[in-house]
Amino acid sequence: MVRAGWREWVGLPDLGVEYIKAKLDTGARSSALHAFDLVEFERDGVSWVRFSIHPWQESAEDSHTVELPVHDRRTIRSSTGHVQQRYVVTMNLRLLDQTFPVEVTLARRDAMGFRLLIGREALRQGFVVDSGSSYRGGRPPKQVRRRNRGVTKKSPKTD
């Protein structure tokens, strides 16, 4: 078993997202990604979904538009008790230098602190969460962390 912190920087290589901050939540069964502008369409007789994501927590910059086949549709009960029908897609997730496929539900997570929640189903692939640690897989370069906080330019030095 690989020990992970309760929050980690992960990658979504299939979506072209090198870094996104994620909360690892053993209380959640499913993983969830902040997605908006969801449009279902058909391609070669198969249901697909087009959606956009913002990888940064406090910024709408660097949004990506993605198209993936619909794996499933599920009724999900949120932590607040709200029941919602969600699309489920599969994608690769890079966590602590391991890349593996996961099922991810697509949901508006504007009000949530993290754009990506990694649930028990994904963590069962060989991870244990150490609730007392964070970023066991390391941190991205400072400029990436600044973009995540909505800071795009260096602030001028004041003397």
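Residue Ala22 comes nearest to Val10 through the heavy atom pair CB-CG2, 3.9 Å, listed as atom of the first residue, atom of the second, then distance. Minimum interatomic distance between Gln84 and Ala107 (heavy atoms only, all atoms of both residues): OE1-CB, 4.2 Å. Counting all heavy atoms, side chain and backbone alike, Val49 lies closest to Phe41 at C-CE2, 4.0 Å. What you find for Ala122 and Ser31 is that their closest heavy atoms are CB-OG, 3.7 Å.
Listed by first then second residue, pairs satisfying ring pair (Phe, Tyr, Trp, His ring centres under 6.0 Å) with a partner in residues 70-91 number zero, not counting sequence neighbours.
Defined by atom type and a distance below 3.5 Å, a donor-acceptor pair is present between the side-chain atoms of Thr65 and Ser52. Side-chain contact of Ser134 with Arg7: a donor-acceptor pair under 3.5 Å is present, judged by distance alone.
In Arg29, the CZ atom is not crowded: 12 or fewer heavy atoms of neighbouring residues, nucleotides or ligands sit closer than 6.0 Å.
Two different hydrophobic clusters hold Val39 and Val66 under the rule that ILVMFWY side chains link at heavy-atom gaps under 4.5 Å.
Rounding to the nearest 0.5 angstrom, the gap separating the CZ atom in Arg139 from the CD atom in Glu8 is 10.0 Å. How far CH2 of Trp9 is from OH of Tyr135: 6.5 Å, rounded to the nearest 0.5 Å. Taking CG from Leu33 and NE2 from His54, the interatomic distance works out to 11.5 Å, rounded to the nearest 0.5 Å. In this structure, Leu123 CG and Asp25 CG are separated by 8.5 Å, a value rounded to the nearest 0.5 Å. How far CH2 of Trp6 is from OG of Ser131: 10.5 Å, rounded to the nearest 0.5 Å. Once rounded to the nearest 0.5 Å, the distance linking CG of Leu68 with CG of Leu15 reads 5.5 Å.
Considering only heavy atoms from C-beta on, Lys21 stays 4.5 Å or farther from Arg115 through its side chain. Ile118 has its side chain out of reach of Phe127: every pair of non-hydrogen atoms, C-beta onward, lies at least 4.5 Å apart. Within the 4.5 Å cutoff, the side chain of Leu116 has no heavy atoms near those of the His34 side chain.
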For this session: Dump the intermediate steps for side-chain hydrogen bond (donor to acceptor under 3.5 Å, both in side chains) on Glu121 and Ser30, then the final yes or no.
Result: CA-CA 6 Å; Glu121 291 296 322; Ser30 304; over 6 Å; no
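Arg43 has a carboxylate O that lies under 4.0 Å from a charged side-chain N of Glu67, or vice versa, which qualifies the two as a salt bridge.
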Can you give me every donor-acceptor pair (side chain of residues 88-100, partner residue at least two apart or in another chain, under 3.5 Å) with its distance?
{"from": "Asn92", "atom 1": "ND2", "to": "Asp14", "atom 2": "OD1", "distance (Å)": "3.3"}
{"from": "Asn92", "atom 1": "ND2", "to": "Asp14", "atom 2": "OD2", "distance (Å)": "3.4"}
{"from": "Arg94", "atom 1": "NH2", "to": "Glu18", "atom 2": "O", "distance (Å)": "2.8"}

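Counting only distance, with no hydrogens or angles, the side chain of Arg136 and the backbone of Arg3 share a donor-acceptor pair below 3.5 Å.
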